[in-house]
Amino acid sequence: MAKLLYQRVTGMQDVLGDDQRYWRFVLERARHTMDLFGFERIDTPILEQATLFKRGVGRGTDIVEKEMYIFEDRDGDLLALRPEFTAGVMRAYIQNGLHTQPPPLKLWTTGPLFRHERNQKGRYRQHSQLNLEILGETDPAVDAELIGAAWFLFSDLGLTGLKLHLNSTGCPACKPAYVQKLTDYFRQYESILPEDDKRRLRQNPLRILDTKEETTRPLLDDAPQFVDHLCADCANHLGKLRTYLEARRIPYQIDHKLVRGLDYYTKTVFEIKAPGSLGAQDVICGGGRYDGLIETLGGRPTPGIGFGSGIERIVLTLKAQNIEPPRTVTPLAFVAYLGEAAKVEAIRLTAQLRDADIPAQMSFGDRSLKAQLKSANRSRAKFAIIIGEEELTREVVTIRNLETKEQQDVPFPEIIRKIVNNEE
RNA sequence: GUGGCUAUAGCUCAAUGGUAGAGCACCUGGUUGUGGCCCAGGAGGCUACGGGUUCGAGCCCCGUUAGCCACCCCA
């Protein structure tokens with residue numbers, strides 16, 4: 001590779017060519033799903049006050065402590081590129097007084113997020129997510145509605161073999177007691193725990209549950225499980241949610257080892273995993289309930305639940321499953337010209353075709369007809385429209401069907417109609 | 001933040017320490033105004049960058065940068 005003056009910033013990607021087809025497919029189906037489920041689009045700024053994320057996501061989390069792109073702007077304000085969506089959406093909810101909307105409020109958004117981590121398959125410093133939130137309702141039917149939207153979208157995209165993992169991380173009433181029980185259990189084995197797990201035991205005991213350490217994993221079998229230590233309210237919530245998921249025919253498995261990194265989750269947590277060749281990052285959707293979050297951020301107490309789903313990972317999964325997105329629009333007509341006078345007519349005609357809603361391209365650069373037809377062929381156009389001196393004097397164009405090789409002369413006023421009719 | 005692997009043409013990759021190549025893609029020609037296939041030709045490289053060893057480095061050594069994969073963590 002030649003010496004590059006500039007190259008991509010680490011962990012960023014250019015999305016081009018065929019990849020655009022996958023992205024377009026995902027976003028179009030997502031829009032469609034959101035319309036079906038009645039989610040309203042919201043867009044929030046990429047920049048927020050850094051403290052919003054510290055307060056919202058949690059000071060103990062890696063996302064905030066180690067991974068945020070954070071900087072002082074020219075006014076001296078401490079800003080951060082958003083590392084996740086929820087905190088910003090909650091800020092917008094509070095600031096715009098959205099509590100006056102009849103609950104539940106169903107919102108969705110999409111866009112880039114930034115986390116300064118080492119990249120690997122399915123993990124980038126800038127990545128995009130689809131993000132859904134349902135606010136103002138504690139009914140577990142809302143949890144099922146949210147998960148149902150994700151499940152619908154993935155099915156609609158044609159993905160198969162997905163697994164929905166479900167767990168509950170309790171609430172302030174039952175979480176501390178469980179964490180204590182779990183800590184007590186692992187304390188017995190502290191001397192044999194690997195370094196990483198010793199650290200987890202001190203800093204975030206729940207994380208031991210999803211450890212990958214071989215020496216620790218056998219110990220998990222006898223470890224206390226959260227579902228056995230939920231308070232009546234949380235246990236009831238989980239039970240109802242299971243009923244409602246079953247009513248939607250969404251298969252799931254209770255996963256005692258499922259915990260999530262963000263501080264704000266209460267009760268329901270879930271992940272959807274894609275099977276096979278995605279590498280270690282196989283979670284394409286993850287989220288949960290956060291009933292205390294809005295209050296933490298200065299709003300009136302409002303329950304909520306949401307999830308994020310990584311678009312890059314969805315695209316990787318589509319490719320791994322050999323799912324071909326629909327072809328993007330190809331031109332119906334490609335206009336070729338010979339000579340300056342014909343070029344002006346070609347420009348005029350191309351504009352007319354587009355005005356008639358016919359996808360059209362023309363060639364540039366005064367090249368040989370051979371070269372122009374080669375371009376026409378490559379553009380996947382169905383018709384080549386040829387304008388030369390000869391046609392110009394007779395006020396016709398030659399329309400060549402690039403599939404059948406048939407061609408005919410067509411007078412200027414009939415060109416549009418001819419193209420449209422032939423297409424049908 | 002930690003570890004492993006890698007870096008040659010736009011892409012995928014060759015080249016015992018001894019003259020940097022192929023396929024694909026691109027451009028031109030084989031028709032004076034007719035595409036895909038075929039044929040001929042062309043353009044495209046300070047072998048990521050900076051040092052070192054050597055008579056001689058794409059190849060060996062060191063550093064930097066970047067990429068990939070995994071850990072941590074997460075979508």
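- A/Glu84 places no side-chain N or O within donor-acceptor distance of the main-chain N or O of A/Leu113, the cut-off being under 3.5 Å.
- A donor-acceptor distance shorter than 3.5 angstrom exists from the side chain of A/Thr110 to the backbone of A/Gln129, with no hydrogens or angles considered.
- B/G67 atom P lies 11 Å from atom CG of A/Asp14, rounded to whole Å.
- Going from the C1' atom of B/U31 to that of B/G35 covers 14 Å, rounded to whole Å.
- Look at the C1' atom in both B/C72 and B/U19: the space between them is 50 Å, to the nearest Å.
- Comparing B/G17 with B/U47, their C1' atoms are spaced 15 Å from each other, to the whole Å.
- Between B/G4 and B/A22, the two P atoms lie 37 Å apart (nearest whole Å).
- Residue A/Lys257 qualifies as open at atom NZ: its count of foreign heavy atoms under 6.0 Å is 12 or below.
- Both key distances under 3.5 Å define a Watson-Crick or G-U pair, and stretches of 3 or more such consecutive pairs in RNA chain B run B:1-7 with B:65-71, B:10-13 with B:21-24, B:26-30 with B:38-42, B:48-52 with B:60-64.
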Report task. Take A/Tyr290 and A/Glu133 through the test side-chain hydrogen bond (donor to acceptor under 3.5 Å, both in side chains) and record every step on the way to the result. Result -> CA-CA 10 Å; A/Tyr290 45 82; A/Glu133 317 280 356; 2.4 Å; yes

Requested in this report: Spell out protein contact along nucleotides 68-75 of chain B as letters: B when the base is contacted, S when just the sugar-phosphate is, - when no protein heavy atom is under 4.0 Å; keep the 5' to 3' order.
Outcome: SBBBBBBB

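- In this view, A/Tyr178 and A/Phe226, A/His229 satisfy the ring-ring contact (aromatic ring centres under 6.0 Å, His included) rule, not counting sequence neighbours.
- Residues in residues 184-193 of chain A take part in these side-chain hydrogen bond (donor to acceptor under 3.5 Å, both in side chains) pairs, two or more places apart or across chains: A/Gln180-A/Asp184.
- For residues 148-162 of chain A, the pairs satisfying side-chain hydrogen bond (donor to acceptor under 3.5 Å, both in side chains) are A/Arg29-A/Asp156, A/Thr160-A/Gln321, with sequence neighbours left out.
- Here, B/C62 and B/U53 have their C1' atoms 11 Å apart, quoted to the whole Å.
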**Report entry** Nucleic acid footprint by protein, nucleotides 27-42 of chain B - heavy-atom cut-off 4.0 Å, B for base, S for sugar-phosphate alone
**Finding:** SS-B--BBBB------

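- Distance alone, capped at 3.5 Å, is enough to place a donor-acceptor pair between the A/Arg55 side chain and the A/Thr296 backbone.
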Report task. Could you walk me through whether A/Glu213 and A/Thr211 pass the side-chain hydrogen bond (donor to acceptor under 3.5 Å, both in side chains) test, one step at a time? Result -> CA-CA 6 Å; A/Glu213 298 285 356; A/Thr211 185; 5.3 Å; no

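- Nucleotides B/U34 and B/G41 place their C1' atoms 22 Å apart, quoted to the nearest Å.
- A salt bridge between A/Glu28 and A/Arg24 is present, with a side-chain N of the basic residue lying under 4.0 Å from a carboxylate O of the acidic one.
- In this structure, the side chain of A/Arg82 does not engage the main chain of A/Leu47 through any donor-acceptor pair within 3.5 Å.
- Only the C1' atoms considered, B/G44 is 11 Å distant from B/C27, to the nearest whole Å.
- The gap from the P atom of B/G21 to that of B/G58 amounts to 13 Å, rounded to the nearest Å.
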